[in-house]
Amino acid sequence: MKQYIAEKIEQALTLLKQDGVITGEISEITIDRTRDKAHGDFASNIALKTAKAAGKNPRELAQLIIEALGEDAKITKTEIAGPGFINFFVNEGEKFAVIKQILTAKDQFGKSNFGAGKKVQVEFVSANPTGPLHVGHGRGAAYGASVADLLEYVGYQVHREYYVNDAGRQMDILAASVWLRYLQQLGLEFPFPVNGYKGDYIHDIAKSLLEKHSDKFKVELYQLKDGLPADEVDGGDKEKYIDAVITRAKQLLEDSYRTVFDEGLDQILADIEDDLRGFGIVYQNWFSERSLTEDGTVERALTKLQDQGYIYEKDGALWFKSSEFGDEKDRAVKRSNGEYTYFASDIAYHVNKVDRGFDQIIDVWGADHHGYIPRVEAAMTASGVNAEKLKVLLVQFAILYRGGEKAQMSTRSGEFITLRELRDEVGTDAARFFYVMRKSEQHLDFDLDLAKSESSDNPVYYIQYAHARVCSVMRQLQEKGLTFDQQQGEENLVLLTEEQEQKIVKTLAKYPEMILYAAKNREPHQVCHYLRELSNDLHTYYNAHVFIVDEEKLRNARLLLINAVRQVLNNGLELLSVSAPQEM
RNA sequence: GUCCCGGUAGCUCAGCAGGAUAGAGCAACAGAUUCCUAAUCUGUAGGUCAGAGGUUCGAAUCCUCUUCGGGACGCCA
């Protein structure tokens, strides 16, 4: 309907332009749903916006537009209001059309082909596989997944990808940590490095390494310790110490180092994948960073930049002239020790993304990485790929609260609370919903007590209960030996004259617009707010009127309406990967 | 110092491709159940939209400055 009115106005304006009434530019046509019923159903400010170009006062122009609109069966009345708004009153029967649309389209209602099949890649989470996902990763996971799902919903071809940082120093630290725990399990006694990974899961990985390979990777204590610098506890540098341990591990283990390394990587990655699947997230691809180095992609990407003169050497390291492309300063791509930096593989990765033919590339990053954006864009531009295809979405931190207190640390291990612990505590539904409830660039206060509570204060329960309530009414109908006659309901929708019914119809009609807006702006929180509103409409209606009335026509019309509500609640919840229970 | 995000009711937040009287939820207070789930609903109260300028017929929304809070500024990832 909104679209329909916009088109009508466009026609009217074209007409006026032909007649020479309007000479200047016509602004974009916007149609708003009115807040006040006295202002009709829809309103447009087009006369206000175009007044200057037309050289007329707004009300005068509005009158001319209305005249040019002509008669229309769907619109019962138009009027000029305030400074020059045009208010539209829509035919009653026309408003109910959405109910039939919902029940015909079912779970397809709200979907569209706005994206026209364009290929979009969404990369999110991409946490280092050095340990289980924690609650800090949860928001990026829920947000990235919802954005991806929204885009798919409106017709994009979406490719979800997890970039696995399976190379680099952090992974070496992991491998060394696993090996040291393995040695300790074999009876070697030595203090664990200050900078090593100390989580319980490291012991588990070491244990399975021991089970699979027995003492194959065992060395004597002197081989391990001799000649190593001091760790922090002994007055040394913890960074230098752990690097020396890594070097020693590689020397002693030789080819077996990779086995130890992969044992840690594979187990943690399997855990992450399982965790995310449990969180309702499935990727199309897990992209290995290591593969970029191994197949020479990184080398080629850097050579290309070098050939164009964007790489230079300083202090034994290689630098990319990102400052020539808008970055604050130049960035290192190869360290003086000969290893590529993370940035080097990221250059290769982003060029690779574009090469794979995506029309749009979306990276979901933590807000603390925002300073990283200019250098990646600089690298893309310097590499001759279109940096405008990249859109980085930043997600602010989520702070967990329990009993009014911050609860970032896990009470048991003293480490960060894992995502899995969170899901166990509040459930996947609540976690998915709470994480996307706020605008992504807004800090999120995640109230664990609220997420767990089975009360109307909890928006998840509130919405799910609205869905269950409709199902419950339908069960009641059956118990009373009555059947729902959809056909008769459709024929009698005009009987829905109560204000709560009118409100529901209005809210239902907004769903597709809301979805499109949310997708275009990558704002899944819009869906949350919408679902709460629709649920509120339903609960209000429920309390004000009985649906299963004796009068058959009215009864079926009402049941039709609440079934439409149930369908839309179901669609919205499904989009957020939150379940829509039949009963609670 | 530079850059990013934020400041809206006591609290948590919507609204910000400019539009008509700034909205929810929680908390507070007052109510509603012989009736489809009270896991619900209704009502009351609550505001210098951080502050100051500017653009505009019109600003919470756009621009500038100030201020407060969070974050980022590595040969880490």
Side-chain angles (χ1 to χ4, degrees), chain A residues 28 30 32 34-36 38-39 43-45 48-49 51-52 57-58 81-85 87 126-128 130 165 167-171 173 239 289 314-319 328-329 331-346 366-374 394 396-397 399 401 404 437-447 450 453-459 461-462 464-466 468-477 479-480 500 517 520-521 525-526 528-529 532-533 535-536 538-549 558-559 562 583-584:
Chain A
E28 199 193 339
T30 51
D32 292 314
T34 55
R35 208 179 324 149
D36 190 337
H39 297 141
S44 178
N45 59 359
L48 289 158
K49 288 173 114 178
K52 199 170 269 181
N57 85 51
F85 291 103
N87 293 337
S126 299
N128 283 346
T130 51
N165 300 124
R169 183 163 173 267
Q170 295 305 318
M171 287 307 294
I173 295 176
E239 304 291 347
E289 178 190 0
K314 193 184 85 179
D315 302 331
L318 288 182
W319 299 73
E328 287 177 348
K329 48 183 168 180
R331 309 291 175 175
V333 290
K334 196 172 195 174
R335 297 199 273 162
S336 50
N337 68 4
E339 281 180 35
Y340 290 119
T341 60
Y342 175 88
F343 180 44
S345 27
D346 233 9
D368 54 337
H369 283 64
H370 89 268
Y372 204 76
I373 299 171
L394 299 176
Q396 291 286 348
F397 299 116
I399 303 161
Y401 288 88
M437 194 161 62
R438 304 291 177 227
K439 220 165 32 175
S440 64
E441 60 261 38
Q442 184 84 251
H443 288 274
L444 172 71
D445 286 336
F446 194 127
D447 186 335
L450 180 61
S453 80
E454 298 191 357
S455 76
S456 58
D457 302 355
N458 183 345
Y461 276 84
Y462 185 85
Q464 289 180 321
Y465 180 46
R469 211 164 207 186
V470 175
C471 297
S472 170
V473 170
M474 297 311 282
R475 280 193 300 272
Q476 276 292 323
L477 185 76
E479 281 172 29
K480 291 185 178 175
Q500 294 86 354
Y517 182 88
K520 281 182 186 173
N521 296 288
H525 74 276
Q526 301 282 353
C528 298
H529 286 277
R532 217 220 162 258
E533 184 188 353
S535 301
N536 179 250
L538 190 277
H539 289 309
T540 301
Y541 182 35
Y542 181 94
N543 276 275
H545 301 284
V546 176
F547 307 150
I548 305 177
V549 290
R558 287 184 169 173
L559 293 176
I562 63 167
E583 61 185 311
M584 293 170 72

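Sequence lines set the chain letters: A, B, ... in the order given, protein chains first and strands last, and positions in each chain run from 1.
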[M] and [N], which share atom name [atom1], separated by this distance in whole Å:
N	M	atom1	answer
B:G58	B:U21	C1'	15 Å
B:A45	B:G10	C1'	12 Å
B:G46	B:G23	P	14 Å
B:U2	B:C49	C1'	29 Å
B:U33	B:G47	P	32 Å
B:G6	B:C63	P	11 Å
B:C29	B:G70	P	34 Å

Candidate nucleotides [options], ranked by approach to the side chain of [X] - the nearest:
X	options	answer
A:M584	B:A20, B:G19, B:A39	B:A39
A:V546	B:C36, B:A20, B:C5	B:C36
A:E454	B:C73, B:A39, B:C75	B:A39
A:K329	B:A38, B:C73, B:G6	B:C73
A:Y542	B:G15, B:A77, B:C36	B:C36
A:S472	B:C75, B:C3, B:C36	B:C36
A:I548	B:G15, B:C36, B:C5	B:C36

Partner residues of [X] under the side-chain hydrogen bond (donor to acceptor under 3.5 Å, both in side chains) criterion, sequence neighbours left out:
X	answer
A:N458	none
A:D457	none
A:N87	none
A:Q500	A:H545

List in chain and number order the residues that pass salt bridge (Lys or Arg N to Asp or Glu O under 4.0 Å) with [X], two or more places apart in sequence or in another chain; answer none if no residue qualifies.
X	result
A:E239	A:R169
A:R331	A:D327
A:E339	A:R335

- Item | B:G70 base stacked by A:F397 (centroids within less than 5.5 Å, tilt under 30°) |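 According to the criterion (under 5.5 Å, under 30°), no, A:F397 does not stack.
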- Starting at atom CG of A:D368, determine the distance to atom P of B:C73, rounded to an integer number of angstrom.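 In whole Å, B:C73 P and A:D368 CG are 8 Å from each other.
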- Value in whole Å for how far the P atom of B:A14 lies from CG of A:N521: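 Distance check: A:N521 CG to B:A14 P gives 14 Å.
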- Pairing residues for A:A167 by the side-chain contact (heavy atoms from CB on, under 4.5 Å) criterion, not counting sequence neighbours: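 If we apply the side-chain contact (heavy atoms from CB on, under 4.5 Å) test to A:A167, skipping adjacent residues, the hits are A:E289, A:R290.
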- Mind checking side-chain contact (heavy atoms from CB on, under 4.5 Å) for A:D445 and listing every partner two or more places apart, or none if nothing turns up?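 Per chain and number, A:D445 pairs via side-chain contact (heavy atoms from CB on, under 4.5 Å) with A:I399, A:Y401.
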- Can B:A39 be described as syn, meaning its chi torsion is within 90° of 0, or is it anti?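 Because its glycosidic torsion lies more than 90° from 0, B:A39 adopts the anti conformation.
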- Just one of A:W319, A:Y340, A:F343 clears the side-chain contact (heavy atoms from CB on, under 4.5 Å) bar with A:V333, so which one?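 Of the listed options, the one satisfying the test is A:F343.
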- Task: Using only heavy-atom distances, decide whether a donor-acceptor pair under 3.5 angstrom links the side-chain of A:S336 to the base of B:C75.
- Result: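 In this structure, the two groups form a donor-acceptor pair.
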Look for any protein N or O under 3.5 Å of an N or O in nucleotides 41-47 of chain B and output each such pair with its distance, or none.
| unit_1 | atom_1 | unit_2 | atom_2 | d |
| --- | --- | --- | --- | --- |
| B:C41 | OP1 | A:Y462 | OH | 2.2 |
| B:C41 | OP1 | A:N536 | ND2 | 3.3 |
| B:C41 | O4' | A:N543 | ND2 | 2.9 |
| B:C41 | O3' | A:T540 | OG1 | 3.3 |
| B:U42 | OP1 | A:T540 | OG1 | 3.1 |

- Message: Both atom distances under 3.5 Å, Watson-Crick or G-U wobble: I'd like the secondary structure of RNA chain B as a dot-bracket string, with | for pairs made across strands.
- Response: (((((((..((((.....[...)))).(((((.......))))).....(((((..]....))))))))))))....
Is there a side-chain polar atom (N or O) of [X] under 4.0 Å from OP1 or OP2 of [N]?
X	N	value
A:Y517	B:A17	yes
A:H525	B:G15	yes
A:Y340	B:C75	no

- Message: With a 4.5 Å cut-off on side-chain heavy atoms, are A:H525 and A:Q442 touching?
- Response: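 A side-chain contact is absent here, since even the closest heavy-atom pair is not under 4.5 Å.
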Between the protein and nucleotides 10-13 of chain B, list the N/O to N/O atom pairs that are separated by less than 3.5 angstrom.
| unit_1 | atom_1 | unit_2 | atom_2 | d |
| --- | --- | --- | --- | --- |
| B:U12 | O3' | A:D445 | OD2 | 3.1 |
| B:U12 | O2' | A:R438 | NH2 | 3.1 |
| B:C13 | OP1 | A:H443 | O | 3.3 |
| B:C13 | OP1 | A:D445 | OD2 | 3.4 |
| B:C13 | O2' | A:R438 | NH1 | 2.7 |

